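What follows is a single structure, written as structure tokens, with notes after it.
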Amino acid sequence: MYSSLHAADSDSDDSLLSDVSASPTRRCSPAPRPAPSKHRPTPDPTSKPKRKPKPKPKPVPCSTSAPASASAPPIRAAALSDPHGLAARIAPGSALTASASTVSFSSFRRLVQSRNLSFEPAAAFTNPTPAPEVEPEPEPEPAEIPIAEPSPPPAVTHPPPQLRPKRVHPNSVSEAPAAAVEQPKRPRGDPAGNFVRLNINGYGRKKSFKSQARRPTKYRSWKRQQPGGGKARAGADEEGDFVAEALLEREKNAAGGDDGVLKIVEVAREDPSEQNLESLLRKVFGYDSFREGQLEAIQNVVAGESTVLVLPTGAGKSLCYQLPAMILPGLTLVVSPLLSLMVDQLRKLPAFLPGGLLASSQTSDEFHGTLRLLRAGEIKVLFVSPERFLNEEFLQIFRDTLPISLVVIDEAHCISEWSHNFRPSYLRLRASLLRRKLNIQCILAMTATATTQTLQEIVNALEIPSGNLIQTSQIRENLKLSISMSDNRLKDLMLLLKSPPFVNMKSIIVYCKFQTETDYVCKHLCDNNINAKSYHSGLLMKKRSRVQELFCSNKIRVVVATVAFGMGLDKSDVEGVIHYRLPESLEEYIQETGRAGRDGRLSHCHLLFDSTTFYKIRSLSHSDGIDEYAMSKFLNQIFSSGNTMGCICSFPKESTSRKFDIKEEVLLTVLTQLEIGEEQYLHLLPQFSVTCTLYFHKTSPQLLADKDILLRSILNKSEMKDGSYVFEVPRVANDMRITMNEVFDRLQKLKFSGELSYELKDPAYCYMILKRPDDLNALSANLTKWLSEVENSKIRKLDAMFALADYAVKGCKKIDGCSGSEHTPCIQKRIIDYFSKKEGTPDDDYCTPLRKSSTFLQSDIKVFLQSNSFAKFTPRAVARIMHGISSPAFPAATWSKNHFWGRYMEVDFPVVIEAAKAELVKFVGKGE
Ligand SMILES: Nc1ncnc2c1ncn2[C@@H]1O[C@H](COP(=O)(O)OP(=O)(O)OP(=O)(O)O)[C@@H](O)[C@H]1O
């Protein structure tokens, strides 16, 4: 079919295009899209409030050599050869319409009050400093993983804004930069400062007398009715106005009081029958009916029953918590693995449903702004990262005052180490913890991609009754799936993009593996007059947001992206997805192809398959592996005798990672496992930068220390370096028996008074030992075995993906609907088999092309060891170099220049380790 990129494959069969899928087809010319709802405006990247007129944003140049323009004429299909013979015979498709009705938030609030529901402001909350925490974005690109330094953001006062900000949707992200403009600069060295300003709701606006004067009476009287609200606010003018301003903004943005909606909410609460929930769906979300699985999930949740929901990508899982959040009395807490995902979800909340977000990249003001709104009961849906659950002060908010009705675990497969996207921080999300710490009764776990084994683990971890599993097929019927072998992917990609049906598409995502590859491919497309932009986690968050916005508003035709662009991306009219590289698992394949055709219309996904990429990715699957003796040394450090039980212990991430040659994420995984495994050996604390340098500006340090007991302890524990005091924060905290947050709070206050300034460095993992292992060796053996199983699971997933692609291009008999490179039926069948495989059934023995031996391997390792005798290698380190895998102690930046770097990628990794082991024994035996 269209991707039969070789002359021999020209047995095209046009008829398949329109015949295979029952889905409505997509028009080649711009198809009518659903009109954007007025309450869900398409983000306008240019609509920032401005002090003075700014130059209009430039068109979107992709490369300096050949700026692409949206209007650049596409190369006519007729002018090119069409080896695929895919004349797109596409009929107009039906568009889904979604016009969201909204009502004023205060009306909603009134309803909550009138029903005497327990959605009340917290009476007193004191958390002066947002506990810094790391919220790493999982970025499986092998290089340039950004490391967030979780320094506590200083609470800097800043002048009031001069201009009233533009009205925004209450949950709008891109249109709420007013506060961002006014925000103080992040402290230097805090890479989180590159993220989008997360004052998502625009709460950072200062009071304006005009706006106060305009404040509606109903708002003021409502405020007075709040239990303790008036009083609590009387003494906190600025704070009150801060919230009030935001509230006022909400009121204006909401579509005015719609008592009809309030009544429907009330009726649905009294009786959550299908009919009543459907009325709510129609009125607020503008949809005619529920999709498969939605009603059942919503009814379960509203009845307080924990549920696992497995629906395909784009099936509408978000609705299954949004609608209950309107009905349930308390807060809905949504745990999400990625900041960008949270931002997107917050943006998508209907205006009626006020949302907020807590992320480590927020400034102190933003963080406190959200907390104030939470405390005031102005947030119904709060998005948080799993790392938040490490933070006791965060948990305290809910324990004391804010009842949570529902916890939603989005992308719940991340809980399972057997999933394709395992996150150590998700490991902590156990029912026991949620119940113990937050008194949570109802959990909704949602995913689009979970094998039977992963599902079992989710159900176990969250203690969800097995009868409460709602699952539909993970297959999307409107996606046409094709695969072709490619030995020149760049050329084939160009050919694909310039031939039907891709040539006629307005919105395409090309998935690459590496960040550098993404930029390179993007440049190549731009040089060939294709309007493209690259997207990967190496770009600043601001830039990423902009690319996404331009893509969503159809100003960019092609986004060339890594895996970072995908999860949660809900652009309804992406017509094509091209995999420039083999996905690492069928789950990843489903997630990424799932970005296409979310409007239900026929869409096309093509995979360019080549074995070189497979070898490279398979090698990288070994980068998390760890040897038992390295594990043992690491455990010895964790439990070293200097680390007293009950005290705050820490180790710097970077240097420890280098010392043991273990990736930072793996160090964290081990720590997490020590906390949540069968025995709880330690308690993990939020990550901090632990080395602090103090600079005194006014009073002499000694004089200050006379008046301040904490400062006295700091000076006692400090070393003098270049005239400054340098100390380890945990040591001082332990000495004073206080938390590290309290140390930072005190330093902040001294900083405000102009007495001192300080710098933090050495991001560290922090923990408290609760119990020392009886047998460190046994523990180390168990942990190593567990990690090796996780690694093997990852490899099996890649092999399954390889087997699918290999079968399609070589084994498929092209009957039952497959033809040319079009393999929808056979791919779908394999996907169904993969996801429904019963736990415990042996894995298919996928036949990968990896070699089990090599003639020159042993002698090459010998030469390598001789020529690099200055370095201390382990067998794994040698094997990694032979496979071209960067590691903390042997980084690619240094070792990729070596002659042997990546030379044996095609030989199975364990075989290379064994060969290295044998050579190292001889080498050491010779005393070299
Ligand atoms: N009942 C419905 N009728 C029509 N459209 C709906 C319905 N429910 C949800 N949608 C729309 O479907 C689209 C996809 O929804 P959503 O983003 O929740 O999908 P998802 O299941 O979370 O997908 P993914 O797993 O890929 O993130 C949204 O644009 C949403 O508005």
Side-chain angles (χ1 to χ4, degrees), residues 142 584 614-635 657-663 665-667 669-670 777 780-799 802 843 845-892 894-896 898-926 928:
E584 288 179 33
F614 166 71
Y615 290 129
K616 183 77 195 150
I617 300 174
R618 202 169 193 285
S619 288
L620 291 172
S621 311
H622 294 285
S623 56
D624 290 353
I626 162 170
D627 293 316
E628 194 174 325
Y629 65 86
M631 175 73 83
S632 170
K633 273 171 29 192
F634 175 48
L635 291 184
S657 165
R658 229 176 309 116
K659 178 172 160 195
F660 298 114
D661 202 15
I662 304 175
K663 278 162 69 176
E665 305 89 278
V666 181
L667 296 179
T669 305
V670 174
N777 289 339
S780 144
N782 281 341
L783 282 171
T784 314
K785 186 163 168 263
W786 175 73
L787 277 177
S788 135
E789 281 165 11
V790 173
E791 182 182 313
N792 287 337
S793 153
K794 214 167 141 186
I795 288 169
R796 282 199 301 274
K797 284 185 186 300
L798 174 63
D799 287 353
F802 173 86
D843 277 316
D845 207 1
Y846 301 119
C847 186
T848 57
L850 287 165
R851 285 190 279 139
K852 295 288 176 196
S853 65
S854 166
T855 324
F856 300 109
L857 176 64
Q858 205 80 33
S859 48
D860 274 351
I861 291 178
K862 188 175 173 183
V863 173
F864 171 76
L865 290 176
Q866 281 167 347
S867 53
N868 294 284
S869 56
F870 57 90
K872 278 194 177 166
F873 293 110
T874 61
R876 184 174 293 273
V878 174
R880 278 181 178 153
I881 289 169
M882 297 287 153
H883 261 253
I885 307 170
S886 186
S887 75
F890 301 94
T894 313
W895 290 89
S896 60
N898 191 286
H899 177 66
F900 293 101
W901 179 260
R903 230 174 182 210
Y904 284 92
M905 243 191 264
E906 293 171 23
V907 180
D908 209 6
F909 191 76
V911 173
V912 186
I913 288 203
E914 283 310 312
K917 208 180 275 174
E919 268 320 302
L920 271 167
V921 168
K922 286 189 225 159
F923 198 69
V924 175
K926 278 186 202 160
E928 289 186 58

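Small disclaimer: the values here were computed from a predicted structure and weren't measured.
In terms of modelled atom types and a separation under 3.5 Å, the side chain of Ser886 and the main chain of Ala892 share a donor-acceptor contact. Judged by distance alone, the side chain of Ser621 and the main-chain N or O of Ile617 form a donor-acceptor pair under 3.5 Å. Between the side chain of Ser632 and the backbone N or O of Glu628 there is no donor-acceptor pair closer than 3.5 Å. Remark: side-chain polar atoms of Ser867 are paired, donor with acceptor, to backbone N or O of Val863 under 3.5 angstrom. Side-chain atoms of Asp908 never come within 3.5 Å of backbone atoms of Pro910 as a donor-acceptor pair (strictly under, hydrogens ignored).
Val878 is not listed as a side-chain neighbour of Ile913, based on a closest heavy-atom distance of 4.5 Å or more. Looking at heavy atoms from C-beta onward, Tyr904 lies out of side-chain contact with Ile861 at the 4.5 angstrom threshold. A 4.5 Å side-chain heavy-atom check between Ile662 and Pro888 finds every atom pair outside the cut-off. Annotation: side chain of Arg880 is not in contact with side chain of His622 (no heavy-atom distance under 4.5 Å). Using a 4.5 Å cut-off on side-chain heavy atoms (C-beta onward), Val790 and Asp624 make no contact. The closest side-chain heavy-atom distance from Ile795 to Asp799 is below 4.5 Å. With contacts defined as side-chain heavy-atom distances shorter than 4.5 Å, the pair Tyr615/Val907 does not qualify.
Scanning for side chain to side chain contact (heavy atoms under 4.5 Å, CB included) contacts around Asn782 gives an empty result, with sequence neighbours left out. Residues passing the side chain to side chain donor-acceptor pair (under 3.5 Å) test with Ser887 are Asp661, sequence neighbours excluded. Listed by chain and number, the residues in a ring-ring contact (aromatic ring centres under 6.0 Å, His included) with Trp901 amount to none (sequence neighbours excluded). With sequence neighbours excluded, the residues that form a side chain to side chain donor-acceptor pair (under 3.5 Å) with Lys659 are Gln637. Remark: Glu914 engages Lys917 in a side chain to side chain donor-acceptor pair (under 3.5 Å) (not counting sequence neighbours). Judged as a ring-ring contact (aromatic ring centres under 6.0 Å, His included), and not counting sequence neighbours, the contacts of Phe660 are Phe634.
The structure places CG of Asn898 at 6.5 Å from CD1 of Ile881, a figure rounded to the nearest 0.5 Å. Taken to the nearest 0.5 Å, the CD atom of Glu791 stands 12.5 Å off from the CH2 atom of Trp786. Phe900 CZ to Phe864 CZ: the interatomic distance, rounded to the nearest 0.5 Å, is 8.0 Å. Atoms OH and CZ, from Tyr629 and Arg876 in turn, are 8.5 Å apart once rounded to the nearest 0.5 Å.
What you find for Thr874 and Leu920 is that their closest heavy atoms are C-CD1, 3.6 Å. Ser780 and Met631 make their closest contact through O-CG, 3.7 Å (heavy atoms, listed as atom of the first residue, atom of the second, distance). Smallest separation of non-hydrogen atoms from Gln858 and Ala918: NE2-CB, 3.6 Å. Summarising the geometry of Ile885 relative to Ser619, their closest heavy-atom pair is CD1-O, 2.9 Å, with the distance given to 0.1 Å.
The ring of His883 has its center closer than 6.0 angstrom to the ring center of Phe909. With ring centers used as reference points, Phe890 lies under 6.0 Å from Phe873.
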Given Leu635 and Val670, is the side chain to side chain contact (heavy atoms under 4.5 Å, CB included) satisfied, shown in steps?
CA-CA 9 Å; Leu635 291 184; Val670 174; 4.3 Å; yes
Might you work through the side chain to side chain contact (heavy atoms under 4.5 Å, CB included) test for Met905 and Lys616, ending with a clear yes or no?
CA-CA 7 Å; Met905 243 191 264; Lys616 183 77 195 150; 4.0 Å; yes
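Salt bridge present: Lys922 and Glu919 bring a charged side-chain N and a carboxylate O closer than 4.0 Å.
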